[in-house]
Amino acid sequence: MSSPDTPTPDHDLTGIIASQTDIAPLGRGGSKPEHERTADEDIDPVEWARIAGDSDFQALLRRKLRLVIPATAFFIVYYFLLPIGVGWFPGLMERKVWGDLNIAYLYALSQFFMAWILAGIYVVAAARWDRSQNALLKKFGVSHQ
Amino acid sequence: MFAISTAAPASNASLWIFLAFVAATLVITWLSARRSRGASAYFAAGRRITGWQNGLAVAGDYMSAASFLGIAGMIAMNGYDGFMYSVGFLVAYLTVLFIVAEPLRNAGKYTMADVLAYRLKPRPVRAAASLSTLTVSIFYMIAQMVGAGVLVRQLIPGVTYEVAVIGVGVLMVVYVVFGGMLATTWVQIIKAILLIVGSILLSILVLKRFDFDLAKFFSSLTAITSTTASGESVTRNFLTPGLIFKNPWDQISLGMALLLGTAGLPHILIRFYTVPDAKTARSSVVWAMLIIGAFYIMTTFFGFGAASLLGPDHIQQHGGTNMAAPELARYLGGEIFFAFICAVAFATILAVVAGLTISASTSFAHDFYVNVIHHGKEHRPGEEVRIARITAFVVGAASIVIAILLGPGVNVAFLVGLAFAVAASANLPVIVFSLYWKRFTTAGAVAGLLVGLVSSVVLILISPDFMKNPLFPLKNPALVSIPLGFLGAWLGTVLSKEQSSVEKFTELQVRANTGLGAEKATEH
């Protein structure tokens, strides 16, 4: 939710189109609203390079990749073992392990739980990253608002 | 063997249930049209959709009639292989969750190309990305429209193919032109709820037949008798893999298209702009994964249930593969339940085509018209939205005409595979490189997008779906076209003399990982 006292841009078109606008003002002369600027035109005061160079930010990036890279590698391997097993090792996959259920069925079913569990692990880790991220933004005196 | 009456009231009931759905969605469209003002409201529902709502909407955008009727039918006719087919559709969401959802929400505005244009030259990148988005959306849409026409003819007797196609086309244009993203989102949410309710009811009714004893249910699948094309009677164990899929490389190629393509599907990606922040985008992926996973697990119950209770021969005689789920509903719950399931299937189609229409029109208006042709500026206030509305109208009209010209007999299944392959080979490599590779350049992005797009299309044209003596042996091109897409993006980068801007890359990195400067939700 944004705060009700968001500053109104100079070229506000509220009167013309009956609501606050988030699009560039008429013609090519006026300045664009902040989020309409291309990277070239961006002159906002955030010091991106200073944040990017900060050791806490670099640590945050490393922590993210330390989970995301192995987790991605794991689910890709786990998933492709299914078509590989069914395609080239049918004897093994057709072995019955629980009543009439064979390894092929149970392994396919386990993929659903694998996906849910990995998503759960990611969400828990991401909640920690959110906290570090907020601390980082506070350190630089900037916020989402 | 089964005392099933094909009484006329069924068609009336499904027509009424369907009309109730249409009426509800039109009311939503009207309410959305009254509420939404401005571009962010039109393209991104004001970014005020909550996590669970967007989760349902993502699931609604994703679970097409091909998932509901097609996979249930595949399992009913050939058992295990159909279930294996469905697994990749859920696992694919891990790619969405880990790699694209949050950075996209943090750094973009309305489309996938926003993230690419950040650190690269906006015009060439947006033009190529828009071309790939329109290609994916239109291929996928034509497949859905032809499928819709065929299905509606079976679901609601008395409606012809042409009438069904025109009806679906007109409704999707109305939702998108008048209601924008807000109406489209709510159409998806209602459809997803209907689909889940229908699936739960069907599953419970199937399991009730087996006294809720899973062992009994699965043992009934070990000997399913059906008649082959040559008229012989064969008995097969439906839990055995390999009854339809003979070439494992086909499955591996398809798996690659799913795992990497879902995270590049434009109509899924734009959904992450409808929520207030990256955290909500993350929770909406998790909601979507719960819903989609539960749905595909339930297809086991009604797919296998149809095999066991009705048998493949009965399904073949009553409308074929796609009618397995509705016929099962008729057998278990009578005519009214049959009508309900048919109406759910129709709602499913309608919601998916609406999602595709808005993704195509957003990309054309935002990426191509405003940013490529007009250098990022509107000449008149509200022009971007106006162009999007016109595009939605044109896309709708074109899809109706193409679907009618192709006719009900044409095989369009390959178009869905093609959409996933293009998304995986063209879109995903450039998204990943622009987020993570410092050296990546504009030439690399354009080369990656074009190589991925062209190689997917060419490989499909010389595949078994198109040629009697195919030059390319696999049904899905992803196994070859994804590496080509990455290669194109890499070669384009290392061969160009262009210097990538380190400052802009660090800025994108900070934005993507902290949400600083991200688009806010709008106020009312």
Residue selection (most heavy-atom pairs with chain A, distance under 4.5 Å) from [options]:
options                                : value
B:Tyr436, B:Trp249, B:Tyr296           : B:Trp249
B:Thr506, B:Leu259, B:Val502           : B:Leu259
B:Leu94, B:Leu239, B:Leu90, B:Val91    : B:Leu94
B:Thr240, B:Leu221, B:Thr95, B:Ile297  : B:Ile297
B:Lys279, B:Gln509, B:Met256, B:Met289 : B:Met289

Count the heavy-atom pairs under 4.5 Å between each of [options] and chain B, then report the option with the highest count.
options                               : result
A:Ala127, A:Gly87, A:Ser132, A:Ala104 : A:Ala104
A:Val123, A:Leu61, A:Leu60, A:Val68   : A:Leu61
A:Ala119, A:Gly99, A:Gly120           : A:Ala119

[X] portion near chain B, given a 4.5 angstrom heavy-atom threshold:
X        : value
A:Phe112 : both
A:Leu109 : both
A:Ala71  : both
A:Tyr105 : both

Which portion of [X] sits near chain A, non-hydrogen atoms under 4.5 angstrom:
X        : answer
B:Val286 : side chain
B:Glu503 : neither
B:Thr222 : side chain
B:Tyr93  : neither
B:Lys246 : neither
B:Leu508 : neither
B:Tyr80  : side chain
B:Ser283 : neither
B:Leu97  : both

With under 30° as parallel and over 60° as perpendicular, where do the rings of [X] and [Y] fit, or are they tilted in between?
X        : Y        : answer
B:Phe301 : B:Phe217 : tilted
B:Phe43  : B:Tyr110 : tilted
A:Tyr122 : B:Phe98  : tilted

Quick one: does any side-chain atom of [X] pair with a main-chain N or O of [Y] as donor and acceptor, under 3.5 Å?
X        : Y        : result
B:Arg126 : B:Asp367 : no
A:Gln133 : B:Thr514 : yes
B:Arg47  : B:Glu519 : no
B:Ser284 : B:Gly55  : no

Residues forming a ring pair (Phe, Tyr, Trp, His ring centres under 6.0 Å) with A:Phe74, sequence neighbours excluded: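 Result, ring pair (Phe, Tyr, Trp, His ring centres under 6.0 Å) vs A:Phe74: A:Tyr78.
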Salt-bridge present ([X], [Y]; N to O < 4.0 Å):
X        : Y        : result
B:Arg105 : B:Asp277 : no
B:Arg282 : B:Glu102 : yes
A:Lys96  : A:Asp100 : yes

Any residue meeting salt bridge (Lys or Arg N to Asp or Glu O under 4.0 Å) with B:Asp81, in chain and number order, not counting sequence neighbours: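 Per chain and number, B:Asp81 pairs via salt bridge (Lys or Arg N to Asp or Glu O under 4.0 Å) with no residue.
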CA sep, side-chain torsions, deciding dist, call: B:Asp250, B:Asn476, side-chain contact (heavy atoms from CB on, under 4.5 Å): CA-CA 7 Å; B:Asp250 266 333; B:Asn476 195 296; 5.9 Å; no
